[in-house]
Chemist: 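Right, I'll just put the structure down here and ask away after.
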Amino acid sequence: MSVLVDRDTRLIIQGITGNEGRFHGQQMIAYGTRVVAGVVPGRGGETVLDVPVYNTMKEAVAATDANASIIYVPAPFAADAAIEAISSGVKLVVMITEGIPVRDMIPVYWYAKEQGVRVVGPNCPGVISPGKAKVGIMPGHIHKEGRIGVVSRSGTLTYEIVKELTLHGLGQSTCIGIGGDPIIGTTFVDALELFDNDPETDAVVMIGEIGGTDEEQAAELIKTRMTKPVVGFIAGLTAPPGKRMGHAGAIISGGKGTAKEKIAALSAAGVPVAERPDQIGPLVKERLAATKPA
Amino acid sequence: MKIHEFQAKAILKKYGVRVPEGIVARTPAKAIEACKALSSRVGYPVVAKSQVLVGGRGKAGGIKLIRSEHEIESTVTQLLGMEIKGEKVKKLLIEQGLNIAKEIYLGVIIDRSRKKAVMMTSAAGGVEIEQVAAETPEKILFTPVEPLLGLTQSQIREMFYFLGLPKESYQDFVQIASGLYRAFFEKDCSLAEINPLVVTVAGEVIAADAKMNFDDNALWRHPDIAKLRDPAEEPPLERQARKHKLNYVKLDGRIGCIVNGAGLAMATMDLIKHFGGEPANFLDIGGGAKSDQVAQALKLIVSDRNVNTIFINIFGGIVRCDLVAEGILKALEQFPKWNTPIVIRLSGTNEERARELLKGTQLIPAASMSEGAKKAVELSQRN
């Protein structure tokens, strides 16, 4: 198994006619993802990347029985595209778009919750279950099928760490990029619960960064309920307070959200936190060996 | 984005929040004139407040009470020349003095874990709310705003009774609390706060200070707010970076970093520190790593005089590394007299071809992120 996406994922690309949508659509199809349709208002009836384009999500879902969508729509329209996707009957909505106003994401978050739809992102690389399906913008070839779950707020840093895992022979069940924004659909806690319940995940690598308290909440979950080993990495020890470090959510404000606090919380929950990305592979191996039944 | 107190007060006033009468002055002469004009209408004392974007200006001596005419000149000339946490005071807000009976805190933020706006109220006004939260959290009332409902009348009543304000102030308080929340919501703020909100001896409720921060991602729909940005207050390198859509934050170290992706950029800074060096900056050129962005990034970094070594760390992924390498070499042609050592690590598609391309050039290749950071630290310490 794996979580969120697999061979049964039937994907709609919202924004398939744009540069990003088309390029990454091609990459996803090449990886083996079943892309069944595109949605672009005003472009219904066209065919792009050999799939039909529809004007609305409802039409596209009715015609193709899709169960997931990915959003490449520009920031001013992306939250609305997400609301449309949530209303259409798909169960998973992955929001790649960067730069969505926080005020627009609050209703998306609550509406998805009410409708029982999982939103991942925004401002994220997406989700990949290696060998099965890629719903995102990550380079597929650095991944390898396996039993390690990865959850991260970052893009290229995640690729760096996934590559390290693969080099150490540690394949991945699923890698979830939850995104770098202040309000995101899926948090560390959500992702850790998914992995804990997945029979094909043995351990989880979580990659956090400065800003907010999601890592601290994850530490609480790990301490109290999580059964599988977790290895952590936190970026931003050298980040100054009050400055936004690229991601809208990566900011230490009012003295809160420092890397130090997060590392301390994870350590207190028994999570080994790597000081460098290249220590993560060995740490995962250590934890797996320690938890294996004799 | 941050704005000045006088700008925040002008916005809040439109939302029905009462603010003291005030005049903004940019020169000592204008400030003196403003003090005289204001005092002739409202009497002494008047207050001269430095308009800077950094916090803690009161403690730093940036706010002064003027009790009589002969204190005016010395006070305003002193304030207009001073520097607060590295920021020069270029504007003063001259305001009527208030006869304070009570100081309250009132603020709205986005609560990331609750996923909604939260209003905070406290009778311990006039001090930093972070300090109150850390020392006496029971003195703060947190009021989460349901996205479906907005701030309700009953919630405002709860805040009012929590504060223990006199009955006569009720209408004023309702107007200010609902006005502050509406301004926060409609203008896409990440923070809006009045600290202190003053109840005067006469029972008036009035915003003695105001602070508003805005969601940068929403500025496109608020041209009125976007034009309030004060370019003079922004560090020059950060201004230059913003123009080229680069995410840049200046730090104090000697190793300039150019990285694609924010998380990787932070991890690169941390790694430099881990090996005993100091990063000169955070710089994210975006996941795509295009050649013109690399060129802009190099330009930016060489204008930082502290930099004696550069570390370029690119995780190629879908981007082809040979193209990135070509882009960097092309960018370097713009700097014929280049002599700052550059350590470069390229990982991803066609990285071997990229390494071939870089052979014999002035760039020092590294096979991994750790190796690159280590080399950069060694070079920096030698220089």
Chemist: Run the salt-bridge test on B/R112 and A/D181 with the 4.0 Å N-O cut-off and return the result as yes or no.
Modeler: no
Chemist: With chain B as the partner, which of A/S253, A/G249, A/A75 has the greatest number of non-hydrogen pairs under 4.5 Å?
Modeler: A/G249
Chemist: With a 4.5 angstrom heavy-atom cut-off, is it the side chain or the backbone of A/I234 that approaches chain B, or both, or neither?
Modeler: backbone
Chemist: Measure from NZ or CZ of B/K115 to the centre of the six-membered ring of A/W110 and say whether it is under 6.0 Å with the direction within 45° of the ring axis.
Modeler: no
Chemist: Got a salt bridge between B/R345 and A/E160, using NZ or NE/NH1/NH2 to carboxylate O under 4.0 Å?
Modeler: yes
Chemist: Name the region of B/N217, side chain, backbone, both or neither, that has any atom closer than 4.5 Å to a heavy atom of chain A.
Modeler: both
Chemist: Between B/R221 and A/D104, is any pair of side-chain heavy atoms under 4.5 Å apart?
Modeler: yes
Chemist: Considering only heavy atoms, which portion of B/D270 lies under 4.5 Å from any heavy atom of chain A: side chain, backbone, both, or neither?
Modeler: both
Chemist: Only pairs of heavy atoms separated by less than 4.5 Å count here; which of A/R153, A/R244, A/E98, A/M105 has the most with chain B?
Modeler: A/R244
Chemist: With side chains defined as the heavy atoms from C-beta onward, is the minimum distance between B/M266 and A/I210 less than 4.5 Å?
Modeler: yes
Chemist: Which heavy atom of A/I183 sits nearest a heavy atom of B/I110, and at what distance?
Modeler: CD1-CG2, 3.9 Å
Chemist: Quick check: are there more than 12 heavy atoms from other residues, nucleotides or ligands sitting under 6.0 Å from NZ of A/K256?
Modeler: no
Chemist: Which atoms form the tightest heavy-atom contact between A/E209 and B/G263, and what is the distance?
Modeler: OE1-CA, 4.1 Å
Chemist: Under a 4.5 Å heavy-atom cut-off, does chain B meet the side chain of A/T187, its backbone, both or neither?
Modeler: side chain
Chemist: To the nearest 0.5 Å, tell me how far B/F315 CZ sits from A/I142 CD1.
Modeler: 4.5 Å
Chemist: I'd like to know if A/R276 and B/E371 make a salt bridge, using a cut-off of under 4.0 Å between side-chain N and carboxylate O.
Modeler: no
Chemist: Taking CG in B/D252 as the centre, count heavy atoms belonging to other residues, nucleotides or ligands within less than 6.0 Å. Is the count above 12?
Modeler: no
Chemist: Sort A/P76 into side chain, backbone, both or neither according to what part of it lies under 4.5 angstrom from a heavy atom of chain B.
Modeler: both
Chemist: Which heavy atom in B/A267 sits nearest to a heavy atom in A/L157, and how many Å separate them?
Modeler: CB-CD1, 3.7 Å
Chemist: Between A/M245 and B/M269, does a side chain to side chain contact (heavy atoms under 4.5 Å, CB included) hold up when you go through it step by step?
Modeler: CA-CA 11 Å; A/M245 306 302 275; B/M269 288 160 38; 3.7 Å; yes
Chemist: Considering only heavy atoms, which portion of B/Y248 lies under 4.5 Å from any heavy atom of chain A: side chain, backbone, both, or neither?
Modeler: neither
Chemist: Select, from B/I272, B/L264, B/L246, B/L283, the one with the greatest count of heavy-atom pairs under 4.5 Å involving chain A.
Modeler: B/L264
Chemist: Compute whether any side-chain donor of one residue and acceptor of the other, for A/T156 and B/N260, lie under 3.5 angstrom apart.
Modeler: no
Chemist: Check each atom of A/P277 against the heavy atoms of chain B and say whether the ones under 4.5 Å are side chain, backbone, both or neither.
Modeler: side chain
Chemist: Of the backbone (N, CA, C, O) and the side chain (C-beta and beyond), which part of A/S154 lies under 4.5 Å from a heavy atom of chain B, both, or neither?
Modeler: side chain
Chemist: Within this structure, what is the CG-OG distance for the pair A/L167 and B/S368, rounded to the nearest 0.5 Å?
Modeler: 10.5 Å
Chemist: Is B/E128 in contact with chain A via its backbone, its side chain, both, or neither, using a 4.5 Å heavy-atom distance?
Modeler: neither
Chemist: If you measure from the Lys or Arg side-chain nitrogens to the Asp or Glu carboxylate oxygens, is any gap between A/R103 and B/E186 under 4.0 Å?
Modeler: no
Chemist: Which heavy-atom pair separates A/I106 from B/A117 by the least distance, and what is that distance?
Modeler: CD1-N, 4.4 Å
Chemist: Could you tell me whether the side chain of B/K250 reaches within less than 4.5 Å of the side chain of A/K243, counting heavy atoms only?
Modeler: no
Chemist: When only heavy atoms count and the cut-off is under 4.5 Å, which of residues 213-221 of chain A reach chain B?
Modeler: A/T213, A/Q217
Chemist: Do you know which of B/D188, B/N247, B/L271 has the most heavy-atom pairs with chain A at a distance under 4.5 angstrom?
Modeler: B/D188
Chemist: For B/F275, is it the side chain, the backbone, both, or neither that has a heavy atom closer than 4.5 Å to a heavy atom of chain A?
Modeler: side chain
Chemist: Does the side chain of B/L251 reach to within under 4.5 Å of the side chain of A/P240, using non-hydrogen atoms?
Modeler: yes
Chemist: So what's closer than 4.5 Å to chain B heavy atoms on A/I100: side chain, backbone, both or neither?
Modeler: backbone
Chemist: Can you tell me which portion of A/Y109 sits under 4.5 Å from chain B's heavy atoms? Options are side chain, backbone, both or neither.
Modeler: side chain
Chemist: Using non-hydrogen atoms and a 4.5 Å limit, figure out which bit of A/K163 sits close to chain B: side chain, backbone, both or neither.
Modeler: side chain
Chemist: Hey, is CG on B/L149 packed in by over 12 heavy atoms from elsewhere, all under 6.0 Å?
Modeler: yes
Chemist: Do B/W220 and A/P101 have side chains that approach each other closer than 4.5 Å (heavy atoms only, starting at C-beta)?
Modeler: yes
